[in-house]
S.K.: 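One structure is given below, represented as structure tokens, and several questions about it will come after.
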Number of protein chains: 2
Amino acid sequence: MLTVMGALDLAATSDVVEARFDEPRPADFALTGRAAGRVVVLGAGVAGLACAYELGKAGYECTVLEALDRVGGRNFTVRGGTRHTELDGTQQQAAFSRDQYLNAGPGRIAQWMVTLDYCRELGVPLETFTNVNADAYIYREKDGAKPGFPVRRRAAKADVFGYVSELLAKATDQGALDQQLNPEDKKKLLSLMRSFGDIGKKIPGDPAKSWVYHGSDRRGYTVWPAAAGSKGVKAGPLPTLSQVLASEVGKEFAFEQDYKQAMVMLQPVGGMDAIPMALARAVGAGRIKLGCAVSVVTDRQDRVSVRYRDPSGADQLIEADYCIATLPPNVLARLGHNLGPAVQKGLTTFEPHNAGKIGLEYRRRWWEDEDRIYGGITETDLDLEHIWYPSHGYHSPRGVLVGYYNTGKKADAYSALSPGAREARALDQGMKIHGPKYRTELANSFTIAWDRAPYIEGAWQKIPHGPDDPVYAPLNQPAGRVYFAGDWLSHVVSWQHGAFVSARKTVMALHSRVMSTAA
Amino acid sequence: MLTVMGALDLAATSDVVEARFDEPRPADFALTGRAAGRVVVLGAGVAGLACAYELGKAGYECTVLEALDRVGGRNFTVRGGTRHTELDGTQQQAAFSRDQYLNAGPGRIAQWMVTLDYCRELGVPLETFTNVNADAYIYREKDGAKPGFPVRRRAAKADVFGYVSELLAKATDQGALDQQLNPEDKKKLLSLMRSFGDIGKKIPGDPAKSWVYHGSDRRGYTVWPAAAGSKGVKAGPLPTLSQVLASEVGKEFAFEQDYKQAMVMLQPVGGMDAIPMALARAVGAGRIKLGCAVSVVTDRQDRVSVRYRDPSGADQLIEADYCIATLPPNVLARLGHNLGPAVQKGLTTFEPHNAGKIGLEYRRRWWEDEDRIYGGITETDLDLEHIWYPSHGYHSPRGVLVGYYNTGKKADAYSALSPGAREARALDQGMKIHGPKYRTELANSFTIAWDRAPYIEGAWQKIPHGPDDPVYAPLNQPAGRVYFAGDWLSHVVSWQHGAFVSARKTVMALHSRVMSTAA
């Protein structure tokens, strides 16, 4: 039977198929009499840089205008000395130690994402990013967890799997599923439940004592097994079925199967901004104008004009054959333009979604030394949402935790505070899990509130009906000579993959038009 | 309810407790008139080196006798140029490229293991080892899988979780578990099943269409989601419940919850032998005599005599106050000794268990470039058992796969072959999963058959009744002035942790005796 399954599943298992990308090449222009032309790209985030990079390979003359004094956009790695000014003028300068950093924006890459192809092509070294750790904690306060008593993920998982298996085995063995299961299915299912949940055997004649989950060494130990004479003490006591269900810890286990979140995941060595830095090097620093905020985009019959303010404050005009606008739609919507009401309607239909993070640098890596947590994420229902432990630099003198990574209203609540008050709140919350050391060992911190980041003003876009919603159609095609690209025009919003694939699509469309235009 | 659970679970969650180790210190001898004394350690594997290291810290004069020309024992990292001769004289010399290696013995470390404490103390840099990868394959031939059609782990997992959830939700909703579940439990369980298996809703009045698993994007995509207009093509088609149960793929998912195997796991950067190398440096090279095979151990009233053959072939005698024997018990049992029949009985009650590995160096990392597998393990029912993909060096020009890591009879079958025939068999099997590239891209290989490794003769010991079985009591205490240590005298056999904790126990016992002996 698996043969059939396998045979039909060929494309899913033996090949990884990506959306088609026909890379423009210099050779495309040979003997055609056509030239690659000039392109002005708005925004040096991942989408903008990827457009300039791919077009540049084929000989297009690209100029990238970037309002900030750095490339990368939301791909922003904070290191010691990094300065950041929020919309209201609030300033921070990171005091992280050498080799310490915070990926304030994207922090992980799934194996299937095109982002990795760019890392390969550009020589960006990668390492494993740990997204799920059996030894990290789950802390759900509204279910009754009290400060100082988080639950290890491995214990919660063993209990959920154990009780689920016990219940399903009992129901199956008692005939409740005879309509769904033939005798062979039943036998296989009961056998599966034994290993799936580490449950006890059938006790003939005693249904109540059959298939019982009695706990499991999967829960971990309070004293780990050691030498002869020290077989260890299993973590206990076992919560009851009702306790496990009431706690809702089981809902944590969908995450690790999510197609974007399932491990293995990866990160560039030394910080996520290695990607935009490598793209920028490949594009050529001379083609990227930092500190240049665009004000007006004008589509003309034969060219595009873009007005911007240069770093000296002077107004400048750049003209090109085409423009690719990769700024966030909420920012684009505020520019002056002549692209028409349908474009404006599309841009204003997006809704920025907020997210925030704090990087907490500690004087020692107590989460490794004491909690034995080497990377991964503690999941909570606190307003900090997640605590990330670093997947690199194990046992080094210092480390940076992500003390909150929250979104939506929780992010708004932190954003409304000063950086110092954000830190205080993050510590108050995190201490519930990690105790006093969470405060006493802190060296310094740095926060990002994406809604307050100039020229970005949001973490990503909410797109309830997806990017193929007709309201976005005017953005998924050129408006005259102006094209659009960004993760917000992809099915993988908020991921660099989305920015890359959108950039590729736009590059193909633009190049295809150039190649089909009379020479 | 979780409060109770949490409160009672304190030790399990907030603290990691290890078996007690009172480290001997030079200060212990101050003012007592006692001296640390001389200790001869048999074997420079992890247990032997750890004994010499810990005793050395307190001032004991240790001499470590090692039959091989390297330290580490089964902790053996093979690099380009590494030579290995099997018991029958079969020779191999590894042709791996620079920076490529095979951990022929231990390859992973769990977060709770004492091994990590030694890495911290000795400055051995660590990186993440990926033990489970959603994008690696499952290939079970006896269930009907055909060459070229492995299943992605993420697809198999989604299906198992999906159908398990569907069945349990149906049974629950139909009242089959009303004896086990109160109404609140039922509500919570049904809600849990929806997220646990990504199953459909209840359709009121239609039990057959309620709670149905219709597949899930957790299975992955044949064309991954990309830009607007490319929402992706989900991997399909969905196998039926009977097909999934018949395939027994569900049995793979116990592994990732095992208390020794659950991620995060770690490895030293550059090869596992960084651990014995660091231990050896700390012990002092002058205290470790390589190429010295022990032949006779004699316990005397006031000292221990150990006879050995030095690298020139000459017979030598070394005397010490104490001896710690850390050779594998099957090897120890063949030495001449006067430790009595109970010791001999203990030693011969262990049964060596075999394991083997092949390192396959490839000219390119096709598993990353084409299969999008960045580390982790493909699980099979083939005689190669597992294929490991490297968790490091992503996107570098070459890489070494573990082409088989098998144990018991499967390992014996490969061991009986020449290294070339082992390679041929590994390729024949592995091609069923990876196709022709598995052969055509191979650069070179190196194999280990632990049963044929001189002075080791086995991967680890089978200990059906555990190390506290009375038959081993004579080894868990000194035989006169001779002590024993090794993973085989621990509850964590075959792991370095076992060797370390056994060494610690023996060091404590020996030091305690020295301290309680009249000065």
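Computed from a prediction, not measured in an experiment: that's the story for all the values here. Per chain, numbering begins at 1; letters A, B, ... match sequence-line order.
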S.K.: Heavy-atom distance under 4.5 Å to chain A: side chain of B:Tyr163, backbone, both or neither?
M.R.: neither

S.K.: Which label fits B:Trp112 and A:Trp224: parallel for a plane angle under 30°, tilted from 30 to 60°, or perpendicular past 60°?
M.R.: parallel

S.K.: Tell me whether A:Lys231 at atom NZ has more than 12 heavy atoms from other residues, nucleotides or ligands lying less than 6.0 Å away.
M.R.: no

S.K.: What's the spacing between B:Thr506 OG1 and B:Leu489 CG if we round to 0.5 Å?
M.R.: 7.0 Å

S.K.: Does the side chain of B:Tyr389 pick up a donor-acceptor pair with the side chain of B:Thr130 at under 3.5 Å?
M.R.: no

S.K.: If you define the side chain from C-beta out and look only at heavy atoms, does anything of A:Gln111 sit under 4.5 Å from B:Asn133?
M.R.: yes

S.K.: So which of B:Lys260, B:Gln261, B:Lys251 has the biggest tally of heavy-atom pairs under 4.5 Å with chain A?
M.R.: B:Lys251

S.K.: For B:His392, is it the side chain, the backbone, both, or neither that has a heavy atom closer than 4.5 Å to a heavy atom of chain A?
M.R.: neither

S.K.: Give, as side chain, backbone, both or neither, the part of A:Leu181 having an atom under 4.5 angstrom from any heavy atom of chain B.
M.R.: side chain

S.K.: Between A:Gly229, A:Gly375, A:Gly250, A:Ala262, which shows the greatest number of heavy-atom pairs under 4.5 Å with chain B?
M.R.: A:Gly229

S.K.: Given that the side chain runs from C-beta out, which part of B:Leu168 has a heavy atom under 4.5 Å from chain A: side chain, backbone, both or neither?
M.R.: both

S.K.: So what's closer than 4.5 Å to chain B heavy atoms on A:Phe500: side chain, backbone, both or neither?
M.R.: neither

S.K.: Under a 4.5 Å cutoff for heavy-atom pairs, which residue among A:Asp369, A:Asp469, A:Val492, A:Asp198 has the most contacts with chain B?
M.R.: A:Asp369

S.K.: Which of the residues A:Ala176, A:Pro467, A:Pro225 is involved in the greatest number of heavy-atom pairs with chain B at under 4.5 angstrom?
M.R.: A:Pro225

S.K.: Please classify the contact between B:Ser191 and chain A as side chain, backbone, both or neither, with a heavy-atom cut-off of under 4.5 Å.
M.R.: both

S.K.: Heavy-atom distances under 4.5 Å only: say whether A:Asp217 touches chain B with side chain, backbone, both or neither.
M.R.: both

S.K.: Name the region of A:Val233, side chain, backbone, both or neither, that has any atom closer than 4.5 Å to a heavy atom of chain B.
M.R.: neither

S.K.: Aromatic ring centroids of B:Phe196 and A:Phe253 under 6.0 Å?
M.R.: no

S.K.: Which atoms of A:Leu241 are under 4.5 Å from chain B, going by heavy atoms: the side chain, the backbone, both sets, or neither?
M.R.: side chain

S.K.: Identify which part of A:Leu266 has an atom lying under 4.5 Å from any heavy atom of chain B, answering side chain, backbone, both or neither.
M.R.: side chain

S.K.: Salt-bridge test for B:Arg372 and A:Asp117: reply yes if a basic N is under 4.0 Å from a carboxylate O, no otherwise.
M.R.: yes

